Amino acid sequence: MLDKYNFKESEPKWQEYWQENKVYAFDPNSEKPIFSIDNPPPTVSGHIHIGHIFSYSQSEFIARYKRMTGYNVFYPFGFDNNGLPTERLVEKERGIRAHTLPREEFTQICLDVASKYVDDYKRVFIMAGNSADFDLKYSTISSEVQKISQKSFLDLYKKGNVYYAQKPAIWCTECRTSIAQAELESKDLESTFNYMNFECKALNKSIEIATTRPEMLCACVCVFVHPEDERYKDFVGQKVEVPLYGFEVPVLTDDVVDKEKGTGAVMCCTFGDETDLLWQEKHNLPIKVAIDDGGRMTELAGKYAGLKIKQAREQIINDLQESGKLIKSETLVHAVSTHERCGTPMEILIKKQWFVDLLSHKDDFIEMGKKVHWYPDYMKNRYFEWVANVDRDWCISRQRYFGVPIPVWYCKHCGQVIVADESQLPCNPIVDKPPVSTCPHCGASEFEAETDVFDTWHTSSVTPQINCGWGTDRYGKMMPMSLRTNAHEIIRTWDFYTIVKSFYHSNCLPWENVMISGFVLADKDNKISKSKNNAKFSPESLINEKSADVTRYWSATGSLGKDIIFSEGEFKNGAKLVNKIWNASKFVLSFLQDYVVKQPTLLPIDQWIIAKFNQMQKSFRAYLDKYEIGLAMAELEKYFWNFCDNYIEIAKRRLYNPQIFGQDATDSAKYACFVVLKEMLKMFAIYLPHICEEIYKDYFEKYEGEISIHKTQISYIPLESVEDIVEQGDAVVEIVSSIRRYKSENNLSLKYEIPKLIIKGYPEYVRTFDGDIKAVGCVLDIQYQNGDERAVIIE
RNA sequence: GGGAGCUUAGCUCAGUUGGUAGAGCACCUGCCUUACAAGCAGAUGGUCAUAGGUUCGAGUCCUAUAGUUCCCACCA
């Protein structure tokens, strides 16, 4: 072995080796039980960040653990490179707007940009030592995946779980598309509460209303007051005049109105917000469209037509003020639902859209959620709460360009929906022909292609179907998958929609277990955001500077499901550990050149270190079986430092001096060192795959026979030992510790030889270790005495 | 407004079923000891957020309170 470990040389070398030799490949012909992981396809929306490394490493540890404990691990790697996130990336990077370009041209640019990013993502994940099987790579824009996504739609259509309807949908005026409830993000925005009078001619008095959206005045359909509000009793049933526009609207009552809010009288516009929507349906109010797809005022707004919402609002407030109609305007901060991708406040527009029925099966989704094992368990609450709060069906059509096409045509004559035939998939209705030549409903023969594409989640919600080969024999055998891994922010989207799809398609769970990871925070309060562009947190610079192993070590120090603070200290500990593993291995192996493995009669202290190893591994496995990667590593680490600081110290005199202690004693130490180091390295290989491979390839390969440490199996060390050997050895460490304390307190060198030591109150078996205590404690003579309390007396 | 997590040493956090408070880092002391000074040994340091309760016994279980973070709702 070399003197110093150089990760800069070692890490790329082994990464290449693993890829070339397909060390992590899934074996479809293996007899071993399958452990399948539904690994999240990262959204191709920009550069990979440290949060990716953190959460992907955590689930990757599980893949390695399962691989090394008897499973045939199915660990694919996908990339979510279609849809709005990718479009936004392309628009930003190229400085273009999708709707200003011909569709084909824009799609081609998206494909080019996405493939560049996919390659880059893959490169960085490999740099981080990720052990996914990249031969199982999928991309959500590929034709294979499009086929499954469209098949999912056809299946839902056949089963009546998806429908086409013209109804109010959540709309993003920036992205010019409908979006789903799950894509909304609540944001506190500053706004103004504007008070104005609606005049009632019949009563010759005015009703005062307050609104944050005065630009919607033109779409006002009525004014609501609370039925028991004494102030406005007279107005109920009367008509009032809308300021600036002059048309009249009725005053109605509804108990949703909050008497305390604003003036207690509220104008209802179609649609200013979701309450308006509720009222419109309940009171069957007329619909007036004030805002268009791109967020500009329509003709309805009169002189404000063509203005952006914000501009129109400013101008109308101005006009109200000038005409003396504005009573007052107060600033306030209120929660506004915005599109999570761009931060634009949502609007409600009536459009024809495709919806997946969620509302009639909420109970089933809850039941499914109960059958899944969530790690950590409390994270399931987020799922249940979300499902309980879902109040609209899932709108899956997007008026965008770069995505999976909705495989549908409409009869130009009667509007009949014609869906593609499964044999046509993947299908692009703009190019392809419908499966019928005449409309089955009216017999007409002209059709209009659907130009919308699917919501990206419509595709990513079928990753289990993609992974398990939906439609092939494999599917039945592989579903449900063993494990889904993701961070907590997409429980309500990815996890939820995946459960919905598996319920509708196969009435089975998509996976048995879900492992949730946290986020990386820069400090106690701050997320590491892309906008801050903090270079020191970039995965590449961390890996280049600190090594992939150390970066992985830091990922492992996180607790399951919890956010982690970026900590220099943990990187330091990781670097120390890697260094120590190297030095300890180098030292131990220097005594084991040309070693021939044979199990000798083991000395008690050698039995002790092996027995402790088995004990540690048991708890290590128990933690990993619960996905507690950090606690498992801590167990291993603790054992390792004990091995170095106590066991090696005791064993090394035998290794150095076979002529004094005899061949049997030396063989016993050699065997224990050999076997413990080998098995420890395998366990460390889960977390620190590079350095462990380096040592394995240099030394242990010839004993194990596998071409990589990552193809070996973690195992217990066979041992026939006396009872209580762990307690016995621990007692020895305790005594040695007392001697060390004495020397430290008396400023003595640790090699100072203590002339006489009296050990009181320890069990008889301690005498067995007489030689070990003498050697490591540097004691010349030991006497044993009985006693009630344990004591170590130095004379 | 509803829900969840967290609150333990100066810092970052462990603490499985209740049984004498733990680790790492930092700080301090000592040690060149024939793998490693990027090392080793040791010391200091905590009313386990607060208040009640259950119990022979509570960091752990129950109830309330406070602080904090997150999720959801609140958009007139």
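This structure is a prediction, so every number in the text was calculated from the model and none was measured. In the text below, chain A, chain B and the rest are named by the order of the sequence lines, each starting its count at 1.
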Interatomic distance where CG belongs to D254(A) and P belongs to A76(B) [whole Å]: 17 Å
Go through the structure and list residues passing side chain to side chain donor-acceptor pair (under 3.5 Å) with W279(A), not counting sequence neighbours. D254(A)
Using the test ring-ring contact (aromatic ring centres under 6.0 Å, His included), find all partners of H488(A) that sit at least two apart in sequence or belong to another chain. F519(A)
Does the T331(A) side chain pair with the main chain of T192(A), one donor and one acceptor, at a distance under 3.5 Å? no
Please report the interatomic distance CD1(I739(A)) to CD(E734(A)), rounded to the nearest 0.5 Å. 11.5 Å
Using a cut-off of 4.0 Å on non-hydrogen atoms, how would the nucleic acid contact of W554(A) be classed: base, sugar-phosphate, or nothing? nothing
Donor/acceptor link under 3.5 angstrom from S186(A) side chain onto base of C74(B): yes
Atom CG of D391(A) and atom C1' of C74(B) are separated, to the nearest Å, by 13 Å
What does E637(A) touch in the nucleic acid at a heavy-atom separation under 4.0 angstrom: a base, only the sugar-phosphate, or nothing? nothing
Salt bridge (Lys or Arg N to Asp or Glu O under 4.0 Å) against E628(A), all qualifying residues, sequence neighbours excluded: none
Atom-to-atom span, CD of E489(A) to C1' of C71(B) - whole angstrom: 12 Å
Taking the six-membered ring of W494(A), is NZ or CZ of R484(A) closer than 6.0 Å to its centre and within 45° of its axis? yes
Which letter, B, S or -, goes with each nucleotide of nucleotides 24-32 of chain B from 5' to 3', with contact meaning a protein heavy atom under 4.0 Å? SSS---SS-
Would you mind reading off the distance between I565(A) atom CD1 and C70(B) atom C1', rounded to a whole angstrom? 14 Å
Does either side chain, that of E694(A) or that of S10(A), offer a donor lying less than 3.5 Å from an acceptor on the other one? yes
Aromatic ring pairing F365(A)/F496(A), orientation class (parallel under 30°, perpendicular over 60°, tilted between): perpendicular
Quick one: does T263(A)'s side chain have a donor or acceptor within less than 3.5 Å of a partner on E208(A)'s backbone? yes
Should the ring pair Y687(A) and F620(A) be called parallel, tilted or perpendicular, given that the plane angle runs from 0 to 90° and is split at 30 and 60? perpendicular
Starting at atom NZ of K586(A), determine the distance to atom C1' of C36(B), rounded to an integer number of angstrom. 7 Å
Taking the six-membered ring for Trp, are H373(A) and Y375(A) parallel (under 30°), tilted (30 to 60°) or perpendicular (over 60°)? tilted
May I have the distance from E347(A) (atom CD) to C75(B) (atom C1'), rounded to whole angstrom? 11 Å
N583(A) side chain: which of G42(B), C36(B), A76(B) is closest? C36(B)
Phosphate-side-chain proximity, T212(A) and A76(B), N/O vs OP1/OP2 below 4.0 Å: yes
Once you round it to whole Å, what is the distance between C1' of A76(B) and CZ of F193(A)? 6 Å
NA contact type, D563(A), heavy-atom cut-off 4.0 Å: base, sugar-phosphate, or nothing? nothing
When rounded to the nearest Å, what value does the distance between C1' atoms of G30(B) and A37(B) take? 14 Å
RNA chain B: 5'-proximal contact among N381(A) and R741(A) (nearest heavy atom): N381(A)
Map every base of RNA chain B to its dot-bracket character, where paired means a Watson-Crick or G-U wobble contact with both distances under 3.5 Å and | marks a partner outside the strand. (((((((..((((.....[..))))..((((.......))))......(((((..]....))))))))))))....
Side chain of K612(A), backbone of V726(A): donor and acceptor closer than 3.5 Å? no
Hey, does C644(A) reach any base, or is it just sugar-phosphate, or nothing, if we go heavy atoms under 4.0 Å? base
Would you please classify the geometry between the Y699(A) ring and the F674(A) ring as parallel, tilted or perpendicular, with 30° and 60° separating the classes? perpendicular
Across the strands shown, which category fits S619(A) at heavy-atom distances under 4.0 angstrom: base, sugar-phosphate, nothing? nothing
Specify the separation, in whole Å, of atom CE of M346(A) and atom C1' of A73(B). 13 Å
Given protein heavy atoms under 4.0 Å, the one-letter contact record of nucleotides 16-22 of chain B, with B base, S sugar-phosphate only and - none, is simply B------
